[in-house]
Trainee: 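Here it is, the structure in full.
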Amino acid sequence: IFTFSVLIDGCCKNKRVAKAHEIYSQMKAMKIQPNLFHVNSLIRAYLEESSFEDGLKVLEEAVDMGIANLFTYNSVLSWLCKNGRVTEALDLWDKMVSRGVAPSVVSYNNLILLYCKDKNMEAAFDTCSDMIRTGLNPSVHTYSVLIDGCFKNGETKLAFDVFNQMKLSGLVPSDVTLNTVINGLCKSGNSMEAKSWLEGPELGLVPVCLTYNSIIDGFVKEGNMDMATATFNEMTKNGVSPN
RNA sequence: ACCCAGC
């Protein structure tokens, strides 16, 4: 069993998914129970190369063997949500729940992301309320996804409401949250305001390449080449290398 | 040990 585990993991890490699956099948043929850790990594390897169907098959087998856990489901769910496969994602969600696996905050975050991408902010917020009703607290991830969704759907005002609500709830915005806000401002024609966020170190934001990319792109789209170049200079001055 | 967000 130990030998098999090491082999599967090695194949997955080296992108030899087919080989990994071969070994996995051998184990099954020999009636050796693959362990959860390696089933999970096999599934993720499949999803990485976008063979969702294969990943799902392994998931189903893991369920049959009674070894699928929350992480196994979340891995597949995440892939579906990122790729906007609404029907399949909701399907999987129902299956998971009916099999007695309780969704975690991570599961909910995936669903919320799905709705945001689907331009259905109402459903996204409903899902968030559902989550709170089951006793789970929104995480920094949850808020970041919602904020990003609001901006991408043109709800700038709402994005800030969510942002404020996040701070009220005692959560500290992460650098991803702040970069999300900055990017949202730039995309909605408020690059000047976005840039002013860099000056508030009390926010705790250390601008990175991505931060500058958003702002420079924003200025360029607004036709403000002076500010774009100025921002670029500031970027190099601060020791951030452009990509 | 393995699952979620930003250019």
Trainee: So which nucleotide from B/C2, B/C4, B/A5 ends up closest to the side chain of A/Phe37?
Mentor: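 The answer is B/C2.
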Trainee: Specify the separation, in whole Å, of atom CE of A/Met96 and atom P of B/C4.
Mentor: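 Taking atom P of B/C4 as the reference, CE of A/Met96 is at 14 Å.
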Trainee: Is any side-chain N or O of A/Lys117 closer than 4.0 Å to OP1 or OP2 of B/A5?
Mentor: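 Looking at the OP1 and OP2 atoms of B/A5, neither is under 4.0 Å from any side-chain N or O of A/Lys117.
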Trainee: Side chain of A/Phe71, heavy atoms from C-beta onward: which of B/C7, B/C3, B/A1 has the nearest atom to it?
Mentor: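 Side chain of A/Phe71 sits closest to B/C3.
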Trainee: Over how many whole Å does the gap from A/Lys152 atom NZ to B/C7 atom P extend?
Mentor: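 Taking atom P of B/C7 as the reference, NZ of A/Lys152 is at 4 Å.
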Trainee: With respect to the side chain of A/Lys82, which nucleotide from B/C2, B/A5, B/C7 is positioned closest?
Mentor: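 Closest nucleotide among those given: B/A5.
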Trainee: Send over the distance from A/Tyr108 OH to B/C3 P, rounded to a whole Å.
Mentor: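 A/Tyr108 atom OH is separated from B/C3 atom P by 21 Å.
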Trainee: Between the side-chain atoms of A/Asn213 and the base atoms of B/C7, is any donor-acceptor pair under 3.5 Å?
Mentor: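 Indeed, a donor on one side and an acceptor on the other fall under 3.5 Å apart.
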Trainee: Out of B/C3, B/A5, B/C4, which nucleotide sits closest to the side chain of A/Asn74?
Mentor: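 Of B/C3, B/A5, B/C4, B/C3 is nearest to the side chain of A/Asn74.
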Trainee: Show your working on side chain to side chain donor-acceptor pair (under 3.5 Å) between A/Tyr46 and A/Glu53 and close with a plain yes or no.
Mentor: CA-CA 9 Å; A/Tyr46 266 130; A/Glu53 281 74 16; over 6 Å; no
Trainee: Give the other cluster members for A/Val208, using side-chain heavy-atom distances under 4.5 Å between Ile, Leu, Val, Met, Phe, Trp and Tyr residues; answer none if it is isolated.
Mentor: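 A/Leu210, all in the cluster of A/Val208.
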Trainee: Between B/C3 atom C1' and A/Asn110 atom CG, what is the distance in whole Å?
Mentor: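 Going from A/Asn110 (CG) to B/C3 (C1'), I get 7 Å.
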Trainee: Do other residues, nucleotides or ligands put more than 12 heavy atoms under 6.0 Å from A/Lys28 NZ?
Mentor: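 Result for NZ/A/Lys28: enclosed.
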Trainee: Just do the ring-ring contact (aromatic ring centres under 6.0 Å, His included) check on A/His38 and A/Phe4 with the steps written out, would you?
Mentor: CA-CA 9 Å; A/His38 296 102; A/Phe4 280 117; over 10 Å; no
Trainee: Would you kindly give the CG-to-P distance between A/Leu42 and B/C3, to the nearest whole Å?
Mentor: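 A/Leu42 atom CG is separated from B/C3 atom P by 15 Å.
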Trainee: In terms of side-chain heavy atoms of A/Arg44, which of B/A5, B/C3, B/C7 is nearest?
Mentor: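 The listed nucleotide nearest to A/Arg44's side chain is B/C3.
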Trainee: What contact category does A/Ser41 fall into here, base, sugar-phosphate, or nothing, at under 4.0 angstrom with non-hydrogen atoms?
Mentor: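 The answer is nothing, as A/Ser41 stays clear of every strand by at least 4.0 Å.
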Trainee: Are any side-chain N or O atoms of A/Asn164 and backbone N or O atoms of A/Phe160, one a donor and one an acceptor, separated by less than 3.5 Å?
Mentor: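 Answer holds: yes.
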Trainee: Using a cut-off of 4.0 Å on non-hydrogen atoms, how would the nucleic acid contact of A/Asn40 be classed: base, sugar-phosphate, or nothing?
Mentor: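 Base, at least one base heavy atom under 4.0 Å.
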Trainee: How would you label the contact of A/Val176 with the nucleic acid (heavy atoms, under 4.0 Å): base, sugar-phosphate, or nothing?
Mentor: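 A/Val176: base contact, heavy atoms under 4.0 Å.
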Trainee: Can you tell me how far P of B/C3 sits from CG of A/Leu47, to the nearest Å?
Mentor: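 Computing the A/Leu47:CG to B/C3:P distance gives 12 Å.
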Trainee: Picking from B/A5, B/C7, B/C4, which would you name as closest to the side chain of A/Ser144?
Mentor: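 Output: B/A5.
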